Amino acid sequence: MKLNIFKATLFSIILGGIVSGCNSSTEKKEEKVEDAKEDLNQAKDELNAARADSVAEAMRYRSDAQARIAENEQKIAVIKENLKSEKRDLKMQYEKQLDELEKRNAMMKTRIEDFKDTTKDNWDTFKISFNQDMDDLGKSISDLADKNKKKK
């Protein structure tokens, strides 16, 4: 009889432990799921904010690049205007160089308008290359303008 009471008590304790363990485990899992959902929502919000910032930066950069291209076009037009009083041989030489600079400027305009890749690494690489090419073009235009002034 004592053995049956002991078995029943032991069985009750084990069963109670299992039941209470299952309940707390379920509650912990529910908490973990809720935490994971909150983390996911926060990550989505951060991603959306980063995308918005990236798009805004790209638009700003494109606007600045287009302004630089327009400035180059104006400088080329001024140089062309100044060439009207030059001798024929010198004028032809400068016009050939100006045509090449106009083509490069048009290519830069096409590059900035056509670039669509939105990955951060590709965008950064593009910006570095584009800035270097724009700086080289600007320097070439300035050098040609300086040569033209010196000849006068």
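All values reported here derive from a predicted model rather than from experimental measurement. Just so you know, these numbers use all the heavy atoms, side chains as well, and skip hydrogens, waters and symmetry mates.
- Residue pairs meeting the salt bridge (charged side-chain N to carboxylate O under 4.0 Å, His left out) criterion with at least one member in residues 100-113, sequence neighbours excluded, are Lys80-Glu102, Arg111-Asp133.
- Once rounded to the nearest 0.5 Å, the distance linking CG of Leu137 with CZ of Phe130 reads 9.5 Å.
- We find the CZ-CD distance between Arg88 and Glu95 to be 10.0 Å, quoted to the nearest 0.5 Å.
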Let's go through Leu83 and Leu98 carefully: what are the C-alpha distance in whole Å and the side-chain angles of both, what is the deciding distance for side-chain contact (heavy atoms from CB on, under 4.5 Å) to 0.1 Å, and is it a yes or a no?
CA-CA 10 Å; Leu83 283 179; Leu98 283 171; 3.4 Å; yes

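- Contact check for Ile79 versus Leu101: no side-chain heavy atoms found under the 4.5 Å cut-off.
- Here the closest heavy-atom approach between residue Asn72 and residue Gly138 is recorded as OD1-CA, 4.4 Å.
- Between the side chain of Asn105 and the main chain of Ile69, a donor-acceptor pair closer than 3.5 Å is present.
- Inter-residue side-chain proximity for Glu81 and Val78 is flagged as unmet; no heavy-atom pair is nearer than 4.5 Å.
- A donor-acceptor distance shorter than 3.5 angstrom exists from the side chain of Ser140 to the backbone of Asp136, with no hydrogens or angles considered.
- Taking the side chain as every heavy atom from C-beta outward, Gln97 and Gln93 approach each other to under 4.5 Å.
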Decide side-chain contact (heavy atoms from CB on, under 4.5 Å) for Lys127 and Glu57; before the verdict, give the C-alpha distance in whole Å, the side-chain angles of both, and the deciding distance to 0.1 Å.
CA-CA 11 Å; Lys127 284 192 321 187; Glu57 179 203 350; 2.5 Å; yes

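- Judged by distance alone, with hydrogens and angles left aside, the side-chain atoms of Ser129 form no donor-acceptor pair with the main-chain N or O of Thr125 at under 3.5 Å.
- For the pair Asp143/Lys139, a side-chain contact is recorded, criterion being any heavy-atom separation below 4.5 Å from C-beta on.
- Side-chain polar atoms of Tyr94 and Asp99 form no donor-acceptor pair below 3.5 angstrom.
- By the 30° and 60° cut-offs, the orientation of the rings of Phe126 relative to Tyr61 is perpendicular.
- Side-chain contact between Arg68 and Asp135 is present, with heavy atoms from C-beta onward closer than 4.5 Å.
- In this structure, Ala65 and Met134 approach most closely via the heavy-atom pair O-CE, 4.4 Å.
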